[in-house]
Amino acid sequence: PETYAVYGGDMGYPGIPHLRTPDELEDYLRSATYPLFGKARAGSLGIGGAILLNCEGDTLALGNGQHVSVAAFAAEIAQYLGDGYILQQFVRQRPEAEASTGLAVGILRIVTVLTGKGPEFYYAVWRLPAKGAMSDGALGDGIEGGRTGALYIDPETGRTSAAGAPQTSQDPEFVSDVTGAALLNV
């Protein structure tokens with residue numbers, strides 16, 4: 001995805017605005033073109049991941065349905081992610097995937113093993129965001145108590161699979177906490 005601005009830290013990127021203070025971040029957010037995705041420049045677990053849908057006046061609409069003031073958002077980024085925060089293009093998934101995960105992007109993870117013949121496919125999973133989450137982070141439950149999870153991807157068909165569990169789309173284990181949609185055979 002295209003990077004539009006970077007906040008904090010000592011290092012900027014050529015040709016991309018480097019916002020150095022919370023006031024500069026606030027000004028940028030009030031004038032930005034939306035939607036955006038924000039994330040920590042370093043780290044993992046989805047910490048700081050935020051879908052920013054729009055800004056009306058001094059209020060940001062987030063992808064989890066919450067609304068927050070621009071000043072409060074900038075202050076939280078400055079306090080917890082001052083070493084670097086990236087604002088970039090918000091990427092949409094295919095409609096079939098979004099029907100299962102909502103706006104938060106579920107990430108495809110492909111695991112390989114190094115053998116004597118070189119890297120070989122081992123397995124692939126689709127990481128599912130929890131209800132209320134704005135990324136697929138590995139922090140456990142989402143802010144609304146939803147479960148993060150993963151479904152195996154059948155390498156032959158590319159379809160989701162429960163890998164050994166009963167293959168029923170009515171099983172609550174295989175229904176999205178976010179949308180209520182069946183998760184198998186997507």
Side-chain angles (χ1 to χ4, degrees), residues 1-110 124-144 146 148-150 176-179 186:
E2 184 176 349
T3 297
Y4 298 129
V6 176
Y7 169 77
D10 296 330
M11 183 178 79
Y13 300 102
I16 295 173
H18 186 185
L19 314 170
R20 290 176 169 76
T21 68
D23 287 340
E24 288 179 2
L25 178 57
E26 287 183 46
D27 290 343
Y28 181 85
L29 291 170
R30 286 187 184 101
S31 64
T33 300
Y34 288 86
L36 298 170
F37 183 74
K39 65 180 185 179
R41 185 168 65 192
S44 61
L45 305 178
I47 295 171
I51 299 169
L52 309 173
L53 296 175
N54 64 44
C55 181
E56 292 186 19
D58 192 45
T59 302
L60 287 170
L62 305 180
N64 62 1
Q66 294 185 345
H67 292 80
V68 62
S69 77
V70 171
F73 184 86
E76 190 166 321
I77 296 303
Q79 180 177 358
Y80 297 108
L81 300 167
D83 289 340
Y85 195 74
I86 298 171
L87 293 164
Q88 62 186 191
Q89 173 187 11
F90 171 56
V91 175
R92 300 289 297 257
Q93 301 178 95
R94 310 177 323 186
E96 300 89 343
E98 196 168 288
S100 297
T101 66
L103 290 177
V105 175
I107 302 298
L108 180 65
R109 309 232 175 177
I110 299 173
V125 294
W126 182 25
R127 296 256 324 137
L128 302 170
K131 187 173 185 176
M134 290 186 276
S135 72
D136 79 326
L139 291 174
D141 291 345
I143 61 171
E144 296 178 25
T148 60
S176 170
D177 284 345
V178 177
T179 67
V186 175

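Just so you know, these numbers use all the heavy atoms, side chains as well, and skip hydrogens, waters and symmetry mates.
Checking side-chain atoms of Tyr34 against main-chain N and O of Leu29 turns up a donor-acceptor pair under 3.5 Å. Counting only distance, with no hydrogens or angles, the side chain of Arg30 and the backbone of Cys55 share no donor-acceptor pair below 3.5 Å. Counting only distance, with no hydrogens or angles, the side chain of His18 and the backbone of Gly8 share a donor-acceptor pair below 3.5 Å.
Side-chain contact between Phe73 and Leu52: present, with at least one pair of heavy atoms (C-beta onward) separated by less than 4.5 Å. Taking 4.5 Å as the limit, some side-chain heavy atom of Leu103 sits within range of a side-chain heavy atom of Phe90. Here the side chains of Tyr85 and Leu25 are not in contact, with every heavy-atom distance at 4.5 Å or above. Contact check for Val70 versus Thr59: no side-chain heavy atoms found under the 4.5 Å cut-off.
Between Glu2 and Gln88, the closest heavy-atom pair is O-CB, 3.0 Å. Ala40 and Leu81 get closest at one heavy-atom pair: CB-CD2, 3.8 Å. Here the closest heavy-atom approach between residue Gly82 and residue Tyr7 is recorded as CA-CE2, 4.1 Å. Across all non-hydrogen atoms, the minimal contact from Trp126 to Gln93 is NE1-OE1, 4.1 Å. Closest approach of Ala74 to Glu26, counting heavy atoms only: CB-CG, 3.5 Å. Among all heavy-atom pairs drawn from Tyr13 and Arg41, the shortest one is OH-CD, 2.9 Å.
Taking CD1 of Ile77 as the start and CG of Leu87 as the end, the distance is 8.0 Å to the nearest 0.5 Å. The distance from atom CD1 of Ile51 to atom CG of Leu36, rounded to the nearest 0.5 Å, is 11.0 Å. Rounded to the nearest 0.5 angstrom, Asn54 CG and His67 NE2 are separated by 7.0 Å.
Heavy atoms from other residues, nucleotides or ligands lying under 6.0 Å from CG of Asp83 number 12 at most. Within 6.0 Å of the CD atom in Gln89, the count of heavy atoms belonging to other residues, nucleotides or ligands exceeds 12.
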